[in-house]
2 protein chains.
Amino acid sequence: MQKKSSKKIIKESAATKGSYHHGDLRSSLLETAKAMLSDGGIEGLSLRKLADRVGVSRTAPYHHFKDKNELLCAIAEEGFEHWHNNAERIFSQTGMTSKQKYHQFFQGYIGYAAENPEMYDLMFGRTIWKQNSATNDLRDIAYPSFQRQVEMTKKWQEQGLMSAEEDTLRLAQVTWGTMHGIARLLIDGIYADRNHIDEMCACAVNLFTRE
Amino acid sequence: MQKKSSKKIIKESAATKGSYHHGDLRSSLLETAKAMLSDGGIEGLSLRKLADRVGVSRTAPYHHFKDKNELLCAIAEEGFEHWHNNAERIFSQTGMTSKQKYHQFFQGYIGYAAENPEMYDLMFGRTIWKQNSATNDLRDIAYPSFQRQVEMTKKWQEQGLMSAEEDTLRLAQVTWGTMHGIARLLIDGIYADRNHIDEMCACAVNLFTRE
DNA sequence: AGTCTTATTTTGACGCTGTCAAGATATGTG
DNA sequence: CACATATCTTGACAGCGTCAAAATAAGACT
């Protein structure tokens, strides 16, 4: 009885699209799942608690996501979109030197990881990538992001910002590896803390760029 | 019946030390746990399967380790010891330039991670460090390892191998961050693969060292 | 209109997990 | 030989992901 009434409230609030039973379960799940991810991490995000919190039975989510992995991939997709837009915005800025832009990109990358540690862990962690469990949809969004890293590195080399002697792919792997490594040290709570972000970024940019 | 006989066999095989019921449960658990970690990862290592494999009941391990976390920390301790000895060995070598030694250290670090991905994930992953769940014993072994990284960086600066202009701590964080990042990219199966280890290491060493 | 198909959700169940409480058993000590 | 203690087992609980089958609601078709 209680349950039905609370369910109805949810339905009404999501009635803008007004379709089936719940109205818009899939996006409701995604929304709540993102919130749960933020404060509980991947481990803390359980399908049962998620369903309970949205107001449906434990197995209802399975009609919108094949399993937990698919839900996680869907969340990661949104993360990559947000992340891509962010990078795009930084590089379309004008009135800055290449080095300044790179510095800002570097700092933005670390900053995003520090502010959204669980999302970063999901996007670039082993849960998804280790045993090739990424959805095709996710791959279609993530792979170009990785590729873009190489293209930008090539541009930086051509602009004289980075050493042209190094192989582009290796240089991209090393520079991104550095960003990724610092990000992970931060979000995994080991050997580095938030107060040193700016200094670490400045140090890394100094080492990687000329003039 | 079957169970008892198999138990006896295990007891006899470990009877070298011949003490209590099992003989040497703690180290048997550690040994088997390390093996299970290697092929199943942290997730695949379950206390119940571990106990079963060693031939004791599900809760027997709890008399030697407070909980799963404590078992993981004990395994990680062994990892740090092995890792420390390895680094020591490399740096005590003679007849090499500083750069050559650093190169070898870098390659050794990545190599260790690539060959023992699950151990590396345990030692430097969020499972242990994220929510301060590290044992005091583990801290006593791990923290000096981190500190040593800074001391070595200082030495490298003094030897003229690395830029003396950068703050030592920041430089240590960035260079170790790079190693850590490349290691993670490798073991998490994202953006880099084993065939490129040598080239990536050479590239990174070029960027970080002079002459 | 009413029937039929299909999409959605629920209830029940299974095996797995970590871990606690209580009892059984073996070991070393007095 | 008795006692205390360390060790191990059995039973139990709550939580997890997920499958199968039943219930329900929505839309399509005649």
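These values consider heavy atoms only, across backbone and side chains, with no hydrogens, waters or symmetry-generated copies.
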Atom-pair distance ([atom1] on [X]; [atom2] on [N]), nearest Å:
X       : N      : atom1 : atom2 : value
B:Met36 : C:dT17 : CE    : C1'   : 12 Å
B:Asp52 : D:dC8  : CG    : P     : 15 Å
B:Asp24 : D:dA6  : CG    : C1'   : 15 Å
A:Arg48 : C:dC16 : CZ    : P     : 16 Å
B:Ile42 : C:dG18 : CD1   : C1'   : 16 Å

Could you please name the option among C:dT19, D:dG17, C:dG12 that lies closest to any side-chain atom of A:Thr59?
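Of the options given, the side chain of A:Thr59 lies nearest C:dG12.
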Of the nucleotides D:dT18, D:dT9, C:dT10, which one has an atom closest to the side chain of A:Ser57?
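Output: C:dT10.
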Considering only heavy atoms from C-beta outward, does the side chain of B:Tyr143 approach that of A:Tyr191 to under 4.5 Å?
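No, their side chains stay 4.5 Å or more apart.
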Residue pair B:Met119 / B:Trp83, side-chain heavy-atom distance below 4.5 Å
no
Give, ordered by number, those residues of residues 61-79 of chain B having at least one heavy-atom distance below 4.0 Å to an atom of DNA chain D; if nothing qualifies, reply none.
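Only B:His63, B:His64 qualify.
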If you apply the rule side chain to side chain contact (heavy atoms under 4.5 Å, CB included), what do you find for B:Phe208 with B:Tyr102, and how did you get there?
CA-CA 10 Å; B:Phe208 290 150; B:Tyr102 180 68; 3.9 Å; yes
So what does B:Leu50 touch, heavy atoms closer than 4.0 Å: a base, only the sugar-phosphate, or nothing?
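Contact class for B:Leu50: none.
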Pair A:Arg184 + A:Asp121, salt bridge at N-O below 4.0 Å:
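Salt bridge: yes.
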Over 60° means perpendicular and under 30° means parallel, so classify the ring planes of B:Phe124 and B:Trp176, tilted if in between.
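Geometry flag for B:Phe124 against B:Trp176: perpendicular rings.
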A:Phe80 and A:Trp129 aromatic ring geometry - parallel, tilted or perpendicular at 30°/60° bounds
perpendicular
May I ask you to evaluate whether B:Ser46 reaches the phosphate of C:dG18, defined as a side-chain N or O under 4.0 Å from OP1 or OP2?
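So the side chain of B:Ser46 is within the cut-off, an N or O lying under 4.0 Å from OP1 or OP2 of C:dG18.
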Below the 4.0 Å mark, does D:dG15 have OP1 or OP2 next to a side-chain nitrogen or oxygen of A:Lys49?
no
Taking donor-acceptor contacts at under 3.5 Å, does the side chain of A:Arg58 reach the base of C:dG12?
yes
Do A:Tyr109 and A:Tyr120 pass the side chain to side chain contact (heavy atoms under 4.5 Å, CB included) test, and can you show the C-alpha distance, the side-chain angles, and the key distance before you say yes or no?
CA-CA 10 Å; A:Tyr109 186 98; A:Tyr120 187 92; 2.6 Å; yes
